[in-house]
Amino acid sequence: MSKLRFENLDSQYFEDNRITSLAYYIKKLEKIYLSLEEENKNRTNGSERRELYFRGQDNVDYENTCPSLFRNEKYYANESNMINDFIAKYPDLFKDCQNNVDRLALMQHHQLPTRLLDLTTNALIALYFAVENNNGKDGVVYVFNNFYNEEFVGKALKSTSSFNLDKSVVLPHYNSENPNVSAKRDSFSDQVEIETSLARMKKTDSDGFIIEVLKFYQALSKSDKEVWEKVYLDYLKALSKGIDYSSLSCDAGKLPHKYDNFNNAVPTIRLYHAIERDSGNFDHIINPVEMYLPKIVTPRIIDQRIKNQQGLFMLIPIDFDPDPNPNPDLDPEVKIKKRRNRIQSRINTLLYTNKEKEAVAFTIPYCKKEKIRKELSNIGISKSFIYPDATSYAEDIANSYANISETQETKVSHIRKLFYRILQLF
């Protein structure tokens, strides 16, 4: 089996599955899903099953898998302005939204740069995106999952320069007996609402909150890190019962007071006010270390495109690791590249790995893109399905008649049989 090493993806090694037809892609997927089924059978009752998510990109040489927000320094610097300008211009568009994830998902749908990374549960949809454009470049499909990879989390933490956290701190409930820590959250999760509300705050306010998080990270001693999870849970219990938390954590030392300093800081209070503005009542409690890693967010089905694409998102966290030597004269492209590298290392924490502990990717030679695109169209995965509007449908109709051939019916029958096989896997 050949291997890929993507310098642009934090020099990560991948198992390379070179795809030349839809049939071969399905064959490779069957092997992965059989292995996944066996793994999930061995899970204890009630434990979360491993799930796979896919992302297709039409250029394997593209710099990263970061969302559009992180591709331009001016986008990143004006995140809240873009969000609030869009809402102000089209308020009726968001009348059915119940939280900020709904709002960001709609903005993503309308091509506004956001911190949401598009994924799909359907490997065929990802393949379509990988072969969508005839750009002279090989396409690629990356495979992610709902469990953090311990090794990749360690690599991400080593890339930070402003603080020193441990895997045991940023991975809640992690231990050798429970190495699978889930990243999956629903759209009403408190943690998701905290991070998406932060994206809407004024830059000065969000920067102030980032400083408070950094101060908390930097204040954690070695002993603090060892007991943080227990202390935080005790803090929650005490809050719910209205009692003094010091009576619950005899080994907490000064840690609860360090947390109080963070939780009562002015920027943190402003964030609570922003959350309440957007979503109503909210308990004033944040776990700052849980904000370091990305989350897999399942959105509500708020439009036909999300439904057809079987879409979900990876919510990319705030960059809590600013340049230790800020230089106002630094080339913006250099600055954004440094940030992208930091963000990419955190995205990589959710890459799916095979039994050999290698991440998995499918590459598609550019010379096979058109062939595979036609094979996908034969089973209904076409532009009008991916982008359900009249213009895309009209284009599909024209293409279907322009490319008709005598052998098409035989090929369609064969591909449909393969399609029904893969439907049984999803």
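As the structure is a prediction and not an experimental result, all values here were calculated from the model.
Only one option out of E290, E195, E48 pairs with R185 in a salt bridge (Lys or Arg N to Asp or Glu O under 4.0 Å); it is E290. Among I296, V360, L52, L350, the one residue that satisfies the side chain to side chain contact (heavy atoms under 4.5 Å, CB included) test with F144 is L350.
For the residue pair E38 and N42, no side-chain donor N or O sits within less than 3.5 Å of a side-chain acceptor on the partner. There is a side-chain donor-acceptor pair under 3.5 Å between S221 and D224.
The backbone N or O of N146 lies less than 3.5 Å from no partner atom in the side chain of R50, so there is not a single donor-acceptor pair.
Residues in residues 119-130 take part in no salt bridge (charged side-chain N to carboxylate O under 4.0 Å, His left out) pair, two or more places apart or across chains.
Taking R277 as the reference, nothing meets the side chain to side chain donor-acceptor pair (under 3.5 Å) condition, with sequence neighbours excluded. Listed by chain and residue number, K203 satisfy the salt bridge (Lys or Arg N to Asp or Glu O under 4.0 Å) test with D207 (two or more places apart in sequence, or in another chain). By the side chain to side chain donor-acceptor pair (under 3.5 Å) test, D278 is found to be paired with N100, R200, residues two or more places apart in sequence or in another chain being considered. A search for side chain to side chain donor-acceptor pair (under 3.5 Å) contacts involving Y272 returns N263, not counting sequence neighbours.
Two rings, from Y90 and F86, have their centers less than 6.0 Å apart.
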Pair up each side-chain donor or acceptor in residues 209-217 with any protein partner under 3.5 Å, not counting sequence neighbours, and list the distances.
unit_1	atom_1	unit_2	atom_2	d
E212	OE2	K215	NZ	3.4
Y217	OH	P288	O	2.7

Run the side chain to side chain contact (heavy atoms under 4.5 Å, CB included) test on I386 and F129 for me, step by step, so that the C-alpha distance in whole Å, both residues' side-chain angles and the decisive distance to 0.1 Å come before the verdict.
CA-CA 9 Å; I386 300 293; F129 286 121; 3.6 Å; yes

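Taking the six-membered ring where the residue is Trp, W228 and Y259 present tilted rings, their angle falling between 30° and 60°.
Applying the 6.0 Å contact sphere to CZ of F94 captures more than 12 heavy atoms from other residues, nucleotides or ligands.
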